[in-house]
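Structure first, commentary second.
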Number of protein chains: 2
Amino acid sequence: MVVFEPFRKGVGMVVKRNTWQREAVRSALGTQMGFVSAQGLHAALATSGSHIGLATVYRALADLANEGEADSLQSPEGEALYRACSLAHHHHLICRSCGLTVEIEADEVEEWAHRTATQHGFSRPEHVVDVFGFCSACVPPQ
Amino acid sequence: MVVFEPFRKGVGMVVKRNTWQREAVRSALGTQMGFVSAQGLHAALATSGSHIGLATVYRALADLANEGEADSLQSPEGEALYRACSLAHHHHLICRSCGLTVEIEADEVEEWAHRTATQHGFSRPEHVVDVFGFCSACVPPQ
DNA sequence: CTGATTTTGAAAATCATTATCAATTAGGTA
DNA sequence: TACCTAATTGATAATGATTTTCAAAATCAG
Ligand SMILES: [Zn+2]
Ligand SMILES: [Zn+2]
Ligand SMILES: [Zn+2]
Ligand SMILES: [Zn+2]
């Protein structure tokens, strides 16, 4: 049986030290207009002259996501992608062509998710809600 | 820039032949109460005496998903999971503890997704909507 | 400044998934 | 039924993203 673990790890974490690497990742993530993979961000950092290691980028992104400073989602191909986001819970509208990302609030969906879970006797619901499409600047192929 | 490809491949596919392997996968998938990975289903088949190859299970599951006979989603850990599902578009409410899966219709969400995409100038929207929680039979941990 | 502890990073290890490709098989045809 | 040909299979190698290792470097409280 497949068991789904909680999305975010528990609390009780040890103190994190401040390194230029973590700051470089946080900063680089902020310059991205859409979601990026760890590999992509590492490449971007390398291009801008940083000698940060790939494993460190993976670790920093995972930390940022855990601390709520970044949102993460999985591309349809299964790659983990990250993006610097606002603190409040929200969802994303993502252009499949250029990656443009719009943060969307959806009280309607929040309420629906909770109501649906409750109706079926499920407790502590969490949800994954992402919308993909083609932004107005991108010509829909086909 | 990360590019998101369309979720489902185009049409124009060649004729599929009927093999006991495909039928075994379809059948085994039907006996599962929740989502399973290709590896998990291959293990289940092996346990029940089938000598089907792992690559074949991967291929059969991908085909079933393309043909609409199975739904697929990615576990929070990034594994592709499959489940025999009803034909109509729907979403899932999944127990994080036992894997129990409930199919849910969400006209409300369908409409919201389309409306939101349109409002932001996005065309051809597709969406990922899954709800995870603990079913009534499972004691919520913590 | 010092020392305990955390972090880094290059390289190796994992691990799910895909590609290879020779051998087998399904399904149509005579 | 025998045969042909393209589709399918499956053992294995290859891929590719992510994680682990572990010795060296860095952080930071005291
Ligand atoms: Zn776009
Ligand atoms: Zn939400
Ligand atoms: Zn349950
Ligand atoms: Zn839907």
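So you know, we letter chains A, B, ... as the sequences are listed, proteins then strands, and number each from 1.
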Tell me: [atom1] of [X] to [atom2] of [N], nearest whole Å?
X       : N      : atom1 : atom2 : answer
A:Glu79 : C:dT17 : CD    : C1'   : 14 Å
A:Leu41 : D:dA17 : CG    : P     : 15 Å
B:His42 : C:dA16 : NE2   : P     : 13 Å
B:Asn18 : D:dT8  : CG    : P     : 10 Å
A:Arg26 : C:dT7  : CZ    : P     : 13 Å
A:Glu23 : C:dT7  : CD    : P     : 15 Å
B:Leu45 : D:dT9  : CG    : P     : 13 Å
A:His51 : C:dA10 : NE2   : C1'   : 14 Å

(message) Suppose we call a contact any N or O donor and acceptor under 3.5 Å apart; does that hold for the side chain of B:Arg17 and the base of C:dG28?
(response) no
(request) Return the 5'-most residue of the pair A:Leu54, A:Arg59 with respect to DNA chain D, ranking by each residue's nearest nucleotide. (result) A:Leu54
(request) Anything under 30° is parallel, anything over 60° is perpendicular, the rest tilted; go ahead and classify B:His91 against B:His127. (result) tilted
(request) Keeping the roles fixed (side chain from A:His90, backbone from A:Ala88), state whether a donor-acceptor pair exists under 3.5 Å. (result) yes
(message) Is it the case that the side chain of B:Thr56 and the backbone of B:Ile52 share a donor-acceptor pair, with hydrogens and angles ignored and the cut-off at 3.5 Å?
(response) no
(request) Would you please indicate if the ring centroids of A:Phe35 and A:His92 are separated by under 6.0 Å? (result) yes
(request) Ignoring backbone atoms, establish whether A:Thr19 has a side-chain N or O less than 4.0 Å from OP1 or OP2 of D:dA26. (result) no
(request) Compare side-chain N and O positions of A:Gln21 against OP1 and OP2 of D:dA26 and report whether any pair is under 4.0 Å apart. (result) no
(request) Identify which nucleotide among D:dT18, C:dA19, C:dT7 has an atom closest to any side-chain atom of B:Ala55, counting heavy atoms from C-beta outward. (result) C:dA19
(message) If you assign B:Trp20 and B:Tyr58 each to the DNA chain C nucleotide with the nearest heavy atom, which residue ends up on the more 5' nucleotide?
(response) B:Tyr58
(request) Would you classify A:Arg22 as touching base, sugar-phosphate or nothing, given that sugar-phosphate means primed atoms plus P, OP1 and OP2, and contacts are heavy atoms under 4.0 Å? (result) sugar-phosphate
(request) Tell me, yes or no, whether the heavy-atom count around A:Glu105 atom CD, taken from other residues, nucleotides or ligands under 6.0 Å, exceeds 12. (result) no
